[in-house]
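Accompanying notes for the structure given below.
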Amino acid sequence: QVQLVESGGGLVQAGGSLRLSCAASGRTFRGYAMGWFRQAPGKEREFVAFISWSGDKTMYADSVKGRFTISRDNAKNTEYLQMNNVKPEDTAIYYCAAAAVTSRLPRGYDYWGQGTQVTVSS
């Protein structure tokens with residue numbers, strides 16, 4: 001088992017920045033690809049970004065490309081999502097997840113955090 005705990009969510013004004021963190025514990029973090037997903041009220045969970053274990057492969061949803069950056073620090077068992085120039089449509093619960101291989105699909109992930117709320121005011 002891998003336990004994932006997100007932090008860093010909150011209320012931010014449009015155009016501002018926020019950094020989310022996801023701390024992993026339990027079974028070794030080693031070898032897992034990591035992803036960020038989000039879910040707004042009344043909508044399905046959607047892909048935001050993923051990063052490979054080594055960090056050499058990343059991918060972003062078109063809606064966040066150029067504004068969000070995913071990264072990880074394997075020594076700290078932590079991944080991050082730097083969110084810049086946020087928009088009201090970024091408002092959602094953000095979830096981190098761990099998978100054996102990188103994927104854009106929620107069903108490709110084995111472990112999930114409990115989520116952290118991000119609210120962007122206009």
- request: Would you please indicate yes or no on a ring centroid separation below 6.0 angstrom for Phe37 and Tyr109?
  value: yes
message: Under 4.5 Å between side-chain heavy atoms, counting indirect links through other Ile/Leu/Val/Met/Phe/Trp/Tyr residues: same cluster for Ile70 and Val2 or not?
response: yes
task: Taking the side chain as every heavy atom from C-beta outward, state whether Val118 and Leu20 have any atom pair closer than 4.5 Å.
output: yes
- prompt: So, Asp73 versus Thr78: side-chain donor-acceptor pair below 3.5 Å or not?
  reply: no
field: Stepwise side chain to side chain contact (heavy atoms under 4.5 Å, CB included) test for Glu79 and Cys96
entry: CA-CA 8 Å; Glu79 72 156 343; Cys96 69; 3.2 Å; yes
- prompt: Going through the checks in order, is the side chain to side chain contact (heavy atoms under 4.5 Å, CB included) test met by Trp53 and Arg72?
  reply: CA-CA 8 Å; Trp53 156 250; Arg72 65 190 297 165; 3.3 Å; yes
task: First locate atom OG of Ser25, then atom CD of Gln3, and finally report the distance between them rounded to the nearest 0.5 Å.
output: 4.5 Å
message: To check you understand the geometry: which heavy-atom pair defines the closest contact between Ser71 and Ile51, and what is its length?
response: CA-CD1, 3.7 Å
- prompt: Is the count of non-hydrogen atoms from other residues, nucleotides or ligands lying under 6.0 Å from Gln13 atom CD greater than 12?
  reply: no
Distance, nearest 0.5 Å, that separates CG of Leu4 from OH of Tyr111: 9.5 Å
- prompt: At their closest point, which heavy atom of Ala14 faces which heavy atom of Pro88, and how far apart are they?
  reply: CB-CD, 4.1 Å
field: NZ or CZ of Arg38 within 45° of Tyr95 ring axis and under 6.0 Å
entry: no
message: Tell me the closest heavy-atom pair linking Tyr32 and Ala100, and the distance in Å.
response: CD2-N, 4.2 Å
task: Please confirm whether the backbone N or O of Asn84 pairs with a side-chain atom of Ser17, one donor and one acceptor, at under 3.5 Å?
output: no
task: Could you walk me through whether Glu89 and Thr91 pass the side chain to side chain contact (heavy atoms under 4.5 Å, CB included) test, one step at a time?
output: CA-CA 5 Å; Glu89 51 263 44; Thr91 295; over 6 Å; no
- prompt: Given side chains that start at C-beta, do those of Arg19 and Met83 come closer than 4.5 Å, heavy atoms only?
  reply: no
From Lys87 atom NZ to Arg67 atom CZ, the distance as rounded to the nearest 0.5 Å: 4.5 Å
message: So, taking the atom named CD in Gln82 and the one named CZ in Phe68, what distance separates them when rounded to the nearest 0.5 Å?
response: 9.5 Å
task: Answer yes if Val86 and Phe47 sit in the same cluster of Ile, Leu, Val, Met, Phe, Trp and Tyr residues linked by side chain heavy atoms under 4.5 Å apart, and no otherwise.
output: no
query: Side-chain heavy atoms under 4.5 angstrom apart, residues restricted to Ile, Leu, Val, Met, Phe, Trp, Tyr: same cluster for Tyr94 and Met59?
result: no
- prompt: So, the side chain of Thr116 versus the backbone of Gly9: is there a donor-acceptor pair under 3.5 Å, distance only?
  reply: yes
message: Working to the nearest 0.5 angstrom, can you tell me the gap between Thr58 OG1 and Met34 CE?
response: 14.5 Å
- request: Apply salt bridge (charged side-chain N to carboxylate O under 4.0 Å, His left out) to Asp56 and list each qualifying residue two or more places apart in sequence or on a separate chain.
  value: none
field: Heavy-atom closest contact (Ala92 atom, Ala40 atom, distance)
entry: CB-N, 3.9 Å
query: Going hydrophobic residue to hydrophobic residue with side-chain gaps under 4.5 angstrom, can you get from Phe50 over to Val64?
result: no
message: Checking Thr69 against Tyr60 for the side chain to side chain contact (heavy atoms under 4.5 Å, CB included) test, could you report, in this order, the C-alpha distance in whole Å, the side-chain angles of both residues, the deciding distance, and whether it holds?
response: CA-CA 8 Å; Thr69 302; Tyr60 298 89; 3.8 Å; yes
- request: Supply the atom-to-atom distance Leu81 CG to Trp36 CH2, rounded to the nearest 0.5 angstrom.
  value: 6.0 Å
task: Inspect the contact between Lys65 and Asp62 and indicate whether a charged nitrogen and a carboxylate oxygen are less than 4.0 angstrom apart.
output: yes
